[in-house]
Undergrad: 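To start, I am sharing the structure in question, which I have written as structure tokens.
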Amino acid sequence: MKTAVTPLTLLQPGTLADALAMLRDEGPLVPLAGCTDVYVTLNFGTQPATRFVDLWGLDELRGIAEMDGGVRVGALATHTELQRSPLIRERLPILVDACSQVGGVQIQNRGTLAGNVANASPAGDTLPVLAVAEAIVVLRSAEDERRVPFTGFYTGYRATVMRPDELIVAIEIPRVDGAQWFRKVGTRAAQAISKVVMACVRGDQPRVALGSVAPTVVRLPGTEAALARGAGIDEARRILMDEVTPIDDLRSTADYRKRVCANLLARWWTETS
């Protein structure tokens with residue numbers, strides 16, 4: 001590990017209230033849960049923070065429960081717990097699919113859904129699912145709680161509306177009506193960062209979201225509107241190609257990503273017809 005461990009400070013609150021007070025009074029602190037992202041930055045010596053607060057022992061942040069026809073996922077719910085949850089398997093099978101694509105089994109056992117959201121990587125496997133599910137991010141500070149629509153949570157690359165004194169305490173996901181569909185395209189099936197990741201819902205108002213094609217996860221309002229008014233899939237593909245503006249990087253080229261996005265859209269439409 002390239003980052004020296006000894007200069008690091010780790011605070012371990014006993015309750016959620018303690019954790020929120022630490023963030024308010026002793027910050028700046030970086031919240032930790034599964035640590036699957038932080039360990040990578042420590043290993044490469046690129047982690048700028050030296051003070052952390054450990055949330056892993058806070059039972060108040062655990063649990064997956066039914067809520068008004070939808071589900072409420074506690075911040076410490078892991079990808080493995082989500083895959084095994086009968087409620088998630090019944091209500092949101094695309095989230096089960098996405099969680100099964102996150103890294104390997106070891107990462108799925110420790111990594112949390114809220115951590116995937118807070119990390120704010122545009123390649124996060126679960127983020128397009130939460131975008132088409134129109135999830136709500138529940139943020140709490142020592143003073144108050146607020147609910148932020150998932151599509152308004154990100155403000156840019158690795159940037160969110162979450163304040164330094166706030167924690168994600170839960171993700172609320174309303175009932176999703178319509179056929180659900182998810183695909184991740186990467187170099188290989190496991191332990192690969194996505195080149196493109198797509199989640200869709202086919203209902204009265206089709207929903208499409210993409211990861212790894214922009215600084216943040218994106219919905220495609222033009223493509224969705226075209227499909228809703230009955231446009232053919234070829235027209236929808238052309239609109240999608242104009243809506244996405246991926247970059248060239250180490251994982252893939254912009255042109256490749258555009259073509260993959262269009263092909264995935266056609267596959268979704270065919271497989272859910």
Undergrad: Between R202 and T272, do the side chains contain a donor N or O and an acceptor N or O under 3.5 Å apart?
TA: yes
Undergrad: Can we say R219 and E134 salt-bridge, meaning some charged N sits less than 4.0 Å from an Asp/Glu carboxylate O?
TA: yes
Undergrad: Does the side chain of T253 come within less than 4.5 Å of R257's, by heavy atoms?
TA: no
Undergrad: Just checking, any donor-acceptor pair under 3.5 angstrom between side chains of S212 and S194?
TA: yes
Undergrad: So which heavy atom on L87 is nearest to which on A65, and how close?
TA: CD2-C, 3.5 Å
Undergrad: Is the closest side-chain heavy-atom distance between M162 and V137 below 4.5 Å?
TA: no
Undergrad: Should the heavy atoms of other residues, nucleotides or ligands under 6.0 Å from CZ of R146 be counted, would the total exceed 12?
TA: yes
Undergrad: Should R238 and E235 count as an ion pair when the cut-off is N to O under 4.0 Å?
TA: no
Undergrad: Return the minimal non-hydrogen interatomic distance between L8 and A49, and the atom names on each side.
TA: CD2-O, 4.2 Å
Undergrad: Would you please classify the geometry between the F153 ring and the F150 ring as parallel, tilted or perpendicular, with 30° and 60° separating the classes?
TA: parallel
Undergrad: Kindly work out whether a path of hydrophobic side-chain contacts (I/L/V/M/F/W/Y, heavy atoms less than 4.5 Å apart) joins I136 to L92.
TA: no
Undergrad: Atom CG of L42 and atom SG of C35: how far apart are they, to the nearest 0.5 Å?
TA: 8.5 Å
Undergrad: Can you find a pair of side-chain heavy atoms, one from V138 and one from I171, that are under 4.5 Å apart?
TA: no
Undergrad: Quick check: closest heavy atoms across V73 and L82, and the distance to 0.1 Å?
TA: CG1-CD2, 3.9 Å
Undergrad: Pair V176, R91 - check side chain to side chain contact (heavy atoms under 4.5 Å, CB included), show working.
TA: CA-CA 7 Å; V176 175; R91 303 286 177 82; over 6 Å; no
Undergrad: Please evaluate residues L167 and L23 with respect to the criterion side chain to side chain contact (heavy atoms under 4.5 Å, CB included), reporting the C-alpha separation (whole Å), side-chain torsions for both, the decisive distance (0.1 Å), and the verdict.
TA: CA-CA 9 Å; L167 287 176; L23 288 170; 3.4 Å; yes
Undergrad: Does D249 reach the main-chain N or O of S252 with its side chain, forming a donor-acceptor pair under 3.5 Å?
TA: yes
Undergrad: Less than 4.5 Å apart, any side-chain heavy atom of T216 and any of R158?
TA: no
Undergrad: Shared ILVMFWY cluster between L29 and L20, side chains joined below 4.5 angstrom?
TA: yes
Undergrad: Distance-only, no hydrogens or angles: does the S85 side chain make a donor-acceptor pair with backbone N or O of E81 under 3.5 Å?
TA: no
Undergrad: May I ask you to list the residues sharing a hydrophobic cluster with Y157, side-chain cutoff 4.5 Å, ordered by chain and number?
TA: none
Undergrad: How far apart are the closest heavy atoms of P31 and L55, and which atoms are they?
TA: CB-CD1, 3.8 Å
Undergrad: In the structure I gave you, are the side-chain heavy atoms of V117 and T112 within less than 4.5 Å of one another anywhere?
TA: no
Undergrad: Could you report the tightest heavy-atom contact between P174 and A135, atom names first, then the distance?
TA: CD-CA, 4.2 Å
Undergrad: Hey, is CZ on R267 packed in by over 12 heavy atoms from elsewhere, all under 6.0 Å?
TA: no
Undergrad: Roughly how far apart are R183 CZ and N263 CG, rounded to 0.5 Å?
TA: 13.0 Å
Undergrad: Check whether the side chains of T80 and Q108 place a donor and an acceptor atom closer than 3.5 Å, and report yes or no.
TA: no
Undergrad: Can you tell me how far the CD atom of E224 sits from the SG atom of C200, to the nearest 0.5 Å?
TA: 9.0 Å
Undergrad: Passes side-chain hydrogen bond (donor to acceptor under 3.5 Å, both in side chains), E166 versus S141? Steps please.
TA: CA-CA 4 Å; E166 289 180 317; S141 69; 5.2 Å; no
Undergrad: Measure the shortest side-chain to side-chain distance between V38 and F52 over non-hydrogen atoms and say whether it is less than 4.5 angstrom.
TA: yes
Undergrad: Report the C-alpha separation of V30 and R51 in whole Å, then their side-chain angles, then the decisive distance to 0.1 Å, and conclude whether the side chain to side chain contact (heavy atoms under 4.5 Å, CB included) test is met.
TA: CA-CA 6 Å; V30 174; R51 304 180 73 246; over 6 Å; no
Undergrad: Same cluster for V129 and I193 if Ile/Leu/Val/Met/Phe/Trp/Tyr side chains link at under 4.5 Å?
TA: no
Undergrad: So, do R72 and I64 sit near enough that their side-chain heavy atoms are less than 4.5 Å apart?
TA: no
Undergrad: State the OG1-CZ distance between T160 and R163, to the nearest 0.5 angstrom.
TA: 11.0 Å
Undergrad: Find out if a path of hydrophobic residues (ILVMFWY) with successive side-chain heavy-atom gaps under 4.5 Å connects L130 to F182.
TA: yes
Undergrad: State whether R62 and D59 are salt-bridged, where the test is any N-O pair (Lys NZ or Arg NE/NH1/NH2 against Asp/Glu carboxylate O) under 4.0 Å.
TA: yes
Undergrad: Quick one: do V71 and V148 end up in the same hydrophobic cluster if we chain Ile, Leu, Val, Met, Phe, Trp and Tyr together by side-chain heavy atoms under 4.5 Å apart?
TA: yes
Undergrad: Going by atom types only, do Q12 and D54 share a side-chain donor-acceptor pair under 3.5 Å?
TA: yes
Undergrad: Using a strict cut-off of less than 4.0 Å between a Lys/Arg side-chain nitrogen and an Asp/Glu carboxylate oxygen, indicate whether K258 and D242 qualify as a salt bridge.
TA: no
Undergrad: How long is the gap from CD1 on I88 to SG on C99, to the nearest 0.5 Å?
TA: 8.5 Å
Undergrad: What's the spacing between L139 CG and E145 CD if we round to 0.5 Å?
TA: 8.5 Å
Undergrad: Is K184 salt-bridged to D125, going by a charged N under 4.0 Å from an acidic O?
TA: yes
Undergrad: Tell me, yes or no, whether the heavy-atom count around E26 atom CD, taken from other residues, nucleotides or ligands under 6.0 Å, exceeds 12.
TA: yes
Undergrad: Who else is in the cluster with V218 when I, L, V, M, F, W and Y are joined by side-chain contacts under 4.5 Å?
TA: W181, V185, V196, M198, V208, L210, V213, L220, L227, I233, L240, V244, Y256, V260, L264, L265, W268, W269
Undergrad: Side chain to side chain contact (heavy atoms under 4.5 Å, CB included), that's the test. Do V132 and I94 meet it? Break it down for me.
TA: CA-CA 10 Å; V132 294; I94 47 174; 4.0 Å; yes
Undergrad: For R259, is there an ion pair with D255 - N to carboxylate O distance below 4.0 angstrom?
TA: yes
Undergrad: How close do R110 and A33 get, heavy atom to heavy atom, and via which atoms?
TA: NH2-O, 3.6 Å
Undergrad: Quick one: does R237's side chain have a donor or acceptor within less than 3.5 Å of a partner on A262's backbone?
TA: yes
Undergrad: Taking the side chain as every heavy atom from C-beta outward, state whether V105 and N109 have any pair of such atoms under 4.5 Å apart.
TA: yes
Undergrad: Examine the side chains of D97 and S100 and answer whether a donor and an acceptor come within less than 3.5 Å of each other.
TA: no
Undergrad: Are more than 12 heavy atoms, taken from residues, nucleotides or ligands other than R89, located less than 6.0 Å from that residue's CZ atom?
TA: no
